[in-house]
Amino acid sequence: MSSQKVDFIVQQTEDLQPASTGLKAGAALTLSRTDSNDLVQVMHEGTALGSVPNEQGRLLPVSLPACTVRSVRKQDGKVTQIVVRAVLLPTSADVCQHPGPAAATDGQPDELAGTTQLSKGQLELLVADESLRDMLRDSRLQEQIRAVDTAADREKALQDQFQNPEFKVFADKVLGCVAAV
């Protein structure tokens, strides 16, 4: 369950040129879907720099990854090319297809034997994530989590919940947080 790195060249238009002039390698960028979901914009400090090529934009997960500038090419003081790297973290589908149980430790209850436990750092990241807390205020998501937690066959219940788009977005967000540590 490793992350995948994807590099792409930002498709720029002339009117976006001023926003990219001070850009340097290593700068943090964000990705944002347009209202119609057919275009993924590359943003720096809230300003659009251009878009992700369509063929690569379609491959990005629902929960868009953060990315960084790999390189900036300039000619005559104008930016001619921006290469961006996105790191795609494992998704909930990856976890379900490739479970990775850890070895049981002494003193662990039987029901936790063979499961993976989060580290203190991972738990702290989850608690600190404001968007996760916002998601958890949704009563439907609470019911979906409760359905998994109280099911006799939790793995099957988890698989069933992945059919709900809101649950999948939540699971992907959780995995993104814990994979960062």
Side-chain angles (χ1 to χ4, degrees), residues 1-6 8 10 27-52 54 56-69 84-102 108-109 111-112 114-181:
M1 194 171 56
S2 62
S3 58
Q4 176 186 5
K5 296 175 182 162
V6 178
F8 57 88
V10 175
L29 303 173
T30 56
L31 300 176
S32 172
R33 290 195 194 276
T34 59
D35 291 337
S36 60
N37 266 341
D38 60 347
L39 184 69
V40 177
Q41 290 184 316
V42 180
M43 311 283 285
H44 177 63
E45 297 178 348
T47 303
L49 300 177
S51 61
V52 175
N54 284 337
Q56 290 171 316
R58 281 186 234 114
L59 300 175
L60 293 172
V62 173
S63 177
L64 293 170
C67 50
T68 56
V69 175
V84 172
R85 171 164 286 174
V87 178
L88 306 179
L89 299 172
T91 65
S92 52
D94 296 330
V95 170
C96 289
Q97 292 169 3
H98 309 289
Q108 198 176 44
E111 73 179 43
L112 296 179
T115 63
T116 301
Q117 293 186 10
L118 299 177
S119 70
K120 183 178 179 183
Q122 289 171 319
L123 288 171
E124 289 171 351
L125 278 176
L126 291 173
V127 168
D129 192 292
E130 188 65 37
S131 64
L132 273 177
R133 293 203 311 253
D134 287 343
M135 288 177 172
L136 287 168
R137 289 185 183 101
D138 184 343
S139 61
R140 287 183 309 213
L141 180 60
Q142 292 173 12
E143 289 173 25
Q144 293 166 349
I145 294 169
R146 198 172 2 264
V148 172
D149 193 42
T150 60
D153 185 350
R154 290 181 179 169
E155 286 185 42
K156 182 181 180 328
L158 185 61
Q159 287 288 346
D160 292 345
Q161 290 303 328
F162 283 136
Q163 302 309 310
N164 298 317
E166 300 88 11
F167 187 86
K168 186 172 179 347
V169 168
F170 169 74
D172 287 344
K173 179 69 175 168
V174 168
L175 287 171
C177 285
V178 299
V181 176

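Fair warning: this is a prediction, and the values are worked out from it, not measured in the lab.
A donor-acceptor pair under 3.5 Å is absent between the side-chain atoms of Gln41 and the main chain of Leu49, judged by distance alone. Formation of a donor-acceptor pair under 3.5 Å by the Arg85 side chain with backbone atoms of Thr68 is not found in this model. Remark: side-chain polar atoms of His44 are not paired, donor with acceptor, to backbone N or O of Ala27 under 3.5 angstrom.
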Criterion side chain to side chain contact (heavy atoms under 4.5 Å, CB included) on Val52 and Val10, from CA distance to verdict: CA-CA 6 Å; Val52 175; Val10 175; over 6 Å; no
Side chains of residues 126-135: which donor-acceptor pairs under 3.5 Å do they make with residues two or more places apart or in other chains?
residue	atom	partner	partner atom	Å
Asp129	OD1	Ser131	N	3.0
Asp129	OD1	Ser131	OG	2.5
Asp129	OD1	Leu132	N	2.9
Asp129	OD2	Lys173	NZ	3.4
Glu130	OE1	Arg133	NH2	2.6
Ser131	OG	Lys173	NZ	3.4
Arg133	NH1	Val127	O	2.7
Asp134	OD1	Arg137	NH1	2.3

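Contact of the Glu166 side chain with the Asn164 side chain is registered, since non-hydrogen atoms from C-beta on lie closer than 4.5 Å. Side-chain contact between Leu136 and Phe170 is present, with at least one heavy-atom pair separated by less than 4.5 Å.
For the atom pair CD (Gln161) and NZ (Lys156), the distance works out to 10.5 Å, reported to the nearest 0.5 Å. Distance check, rounded to the nearest 0.5 Å: CG of Asp153 to CG of Leu158 gives 10.0 Å. Taking CZ of Arg140 as the start and CD1 of Ile145 as the end, the distance is 13.0 Å to the nearest 0.5 Å. Interatomic distance, CZ of Phe167 versus CG of Asp172, reported as 10.0 Å (0.5 Å rounding).
Residues Ala86 and Cys67 come closest through the heavy atom pair CA-CB, 3.7 Å. Between Ala157 and Ala147, the shortest heavy-atom contact is CB-O, 4.1 Å. Here the shortest heavy-atom pairing between Arg154 and Ala151 reads CG-O, 3.6 Å. Ser51 approaches Leu39 most closely through the heavy-atom pair CB-CD1, 3.5 Å.
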